[in-house]
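Take a look at the structure set out below.
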Amino acid sequence: MTELPAYWKNHIAGDWVDGGAGRIDVLDPASGEKIAEHAMADAADVDRAVQAARAVHLSGTLSRMRPIERGRMVQAMGRYLLEHKDEIALTLVLEQGKPLWEAVVEVEGAALYFEYYGNQASTVEGRSIPLGAGYYDFTDYEPMGVSAQIIPWNYPVEMTARSLSAALATGNACVIKSPELTPLTNAWFAHAATAAGFPAGTVNVICGYGHEAGAALAGHPDVNQIVFTGSVPTGVAIAKAAAQNVVPCVLELGGKSAAIVHDDADLEAFENDIRWGIYFNAGQVCSAMSRVIVHESRAEELIARAETIATGLSVGPGVERTEFGPNMGAMVSEAQRNRAVAMVARAEEQGARLVTGGRAPNHPGAFLQPTVVADVTPDMDIARNEVFGPVLSILTFKDDAEAIAIANSTDYGLVGGVFTRDLDRATRAARQIRAGQVFVNEWYAGGVETPFGGVGKSGYGREKGREALWNYVQTKNIAIRLR
């Protein structure tokens, strides 16, 4: 196995530097052992990173560049990630816990964002507006300036790529605040930006605690736009800090997403949706299929199938799970695992039936058995609050109206799903489900090209697709009086 560097630094203005807040230990969640140390940024480090990005923006280097050339540089960053895919994936496994093959999928997905948005760079075009004789009026899209991007620990490579690629394609300079639990892989974006030829200071990568570096970044007066994925309380704090400077945010704050499974659904095919929807990345996915709302006539059959999927998964260290298959790695930390265990226990206390799992295996590491909980009712804590672990909650319904009511009964609204052979029923449900994205007959249908984001306490703004580009530009109107 490749040995990781013992100490990782922050990247500011093209240099690798120590942090004013000391160092943090990075642990392997599969063993609990320390794998490296990372420099921790303080408020002064954050300011240096912001000023480095601002200097690049004010220089006009990125905005003066022909967009197609800038797009080629963005694409080059994606190719760089692919060229170092094996090394990045192994680092990701060791710091985050997912199987090696899942880590490879994540790195490939990250590269795809750079390919997609690199292609989009030259398509961000203004338009002319007719004002009658004597006037020529048109719009121009200008980069926001300094984009602050606060990254979650569950997909540190892909989530960084999602926002960074769009920001660079539209000519912004960026400060990335990596997650303290999984900070190592973000270094590769600094390497990629340098290799692609971006000026020093275009991509700055710092690690730090949310209450220190994150707060300093969100409240910095020279930040022009903020992207955050994470918890609702932290999202609220960031929005408040940004509001003090009248800075726009894109907030993706998780969900409690539900799949409605009708009596005519193909349950054999749905087994694959269970596998990917709740057990991929050990359920640590904002848009995970954490609730299944099944017609009462098919409930026991679905529960049996879910149990088969869950008990058929091999759970253990990600480095040992190199090939695609029925396996799952560790959760990111013992604290996250213990929280999930406690939520399952609380569900049992409230009357839910533990079908399988729900316990930590009797060996080291932040592992949790793939879990299925049945007889869940909408008022239970586990039906309303995000577990963020490999825990599937199964509820039942009698008619279509009840199914929609249950699906919409939480404060969240990130994604939803409906499974049925009846296209009219599916279309009605898709319109009625309160969510930013609805899947029909396949959980996670869509891709880089499709807009993603939530309503309610799942946040606001959209990432992915062309719609995400408008997060990073502001419209200028130019009206000319002809003489």
Side-chain angles (χ1 to χ4, degrees), residues 229 231-233 235-236 251-265 270 273-274 277-278 283 285-299 302-303 306 343 346-347 350-352 372-389 391-446 450-464:
T229 298
S231 71
V232 172
V236 170
L251 302 178
E252 199 259 274
L253 306 180
K256 191 65 184 176
S257 302
I260 298 173
V261 181
H262 286 279
D263 54 3
D264 64 343
F270 188 68
D273 297 287
I274 295 172
I278 193 60
V285 185
C286 294
S287 52
M289 190 178 71
S290 58
R291 292 182 295 156
V292 169
I293 306 167
V294 59
H295 190 271
E296 59 185 10
S297 66
R298 305 294 300 279
L302 187 144
I303 291 168
M343 290 188 71
R346 175 61 176 159
Q350 293 180 323
V372 177
V373 182
D375 300 338
V376 175
T377 57
D379 59 314
M380 292 180 181
D381 293 347
I382 203 165
R384 306 188 63 82
N385 301 316
E386 191 171 31
V387 178
F388 221 60
V391 179
L392 179 66
S393 298
I394 300 178
L395 304 87
T396 61
F397 71 92
K398 291 182 173 63
D399 55 44
D400 292 14
E402 184 183 17
I404 296 296
I406 295 172
N408 292 342
S409 64
T410 76
D411 292 332
Y412 295 102
L414 189 55
V415 304
V418 56
F419 293 78
T420 177
R421 290 183 170 90
D422 186 332
L423 184 58
D424 289 339
R425 169 184 269 170
T427 303
R428 287 193 301 270
R431 287 176 170 170
Q432 294 170 344
I433 292 173
R434 183 172 173 267
Q437 186 174 27
V438 178
F439 307 126
V440 176
N441 290 332
E442 181 186 317
W443 200 263
Y444 296 138
T450 52
F452 173 74
V455 299
K457 288 190 176 179
S458 287
Y460 50 78
R462 294 294 179 265
E463 299 190 82
K464 301 170 59 175

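Sequence positions, counted from 1, serve as the residue numbers for this chain.
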Check: His295 ring centroid to Phe397 ring centroid under 6.0 Å: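 Yes.
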Identify the heavy atoms of [X] and [Y] that sit nearest to each other, and give their distance.
X	Y	result
Thr377	Ala383	O-CB, 3.4 Å
Ala259	Met289	CB-SD, 3.6 Å
Asp381	Met343	O-CE, 4.5 Å
Ala430	Val438	O-CG2, 3.8 Å
Arg434	Asn408	N-OD1, 2.8 Å
Ile293	Ala403	CD1-O, 4.1 Å

Under 3.5 Å donor-acceptor, Arg384 side chain and Lys256 backbone: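 Checking the backbone N and O of Lys256 against the side chain of Arg384, no donor-acceptor pair under 3.5 Å is found.
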Any donor-acceptor pair under 3.5 Å from Glu386 side chain to Gly255 backbone: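 Yes; judged by distance alone, with no hydrogens or angles, the pair exists.
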Ion pair check, Asp422 and Arg428, cut-off under 4.0 Å: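 Not counted as a salt bridge, because no side-chain N and carboxylate O are separated by less than 4.0 Å.
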Residue pair [X] / [Y], side-chain heavy-atom distance below 4.5 Å:
X	Y	result
Ser290	Phe388	no
Ile404	Ile260	yes
Phe270	Trp443	no
His262	Val418	yes
Asp400	Gln432	no
Arg298	Thr396	no
Leu414	Gln437	no

Chi angles and distances behind the side chain to side chain contact (heavy atoms under 4.5 Å, CB included) call for Tyr412, Val232: CA-CA 10 Å; Tyr412 295 102; Val232 172; 3.9 Å; yes
Nearest-0.5 Å distance that lies between atom [atom1] in [X] and atom [atom2] in [Y]:
X	Y	atom1	atom2	value
Arg291	Ile382	CZ	CD1	11.5 Å
Leu251	Ser458	CG	OG	11.0 Å
Ser393	Ile278	OG	CD1	8.0 Å
Arg462	Glu252	CZ	CD	10.0 Å
Glu463	Thr450	CD	OG1	12.0 Å
Ile394	Ile303	CD1	CD1	5.0 Å

Full working for side chain to side chain contact (heavy atoms under 4.5 Å, CB included) between Tyr444 and Ser287: CA-CA 8 Å; Tyr444 296 138; Ser287 52; 3.4 Å; yes
Positive for side-chain contact (heavy atoms from CB on, under 4.5 Å) with Phe439, one of Asp273, Val415, Ile433: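 Going through the options one by one, the only one that passes is Val415.
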Heavy atoms of other groups near Lys464 NZ, more than 12 under 6.0 Å: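 More than 12 within 6.0 Å, yes.
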Stepwise side chain to side chain contact (heavy atoms under 4.5 Å, CB included) check, Val440 with Thr427: CA-CA 9 Å; Val440 176; Thr427 303; over 6 Å; no
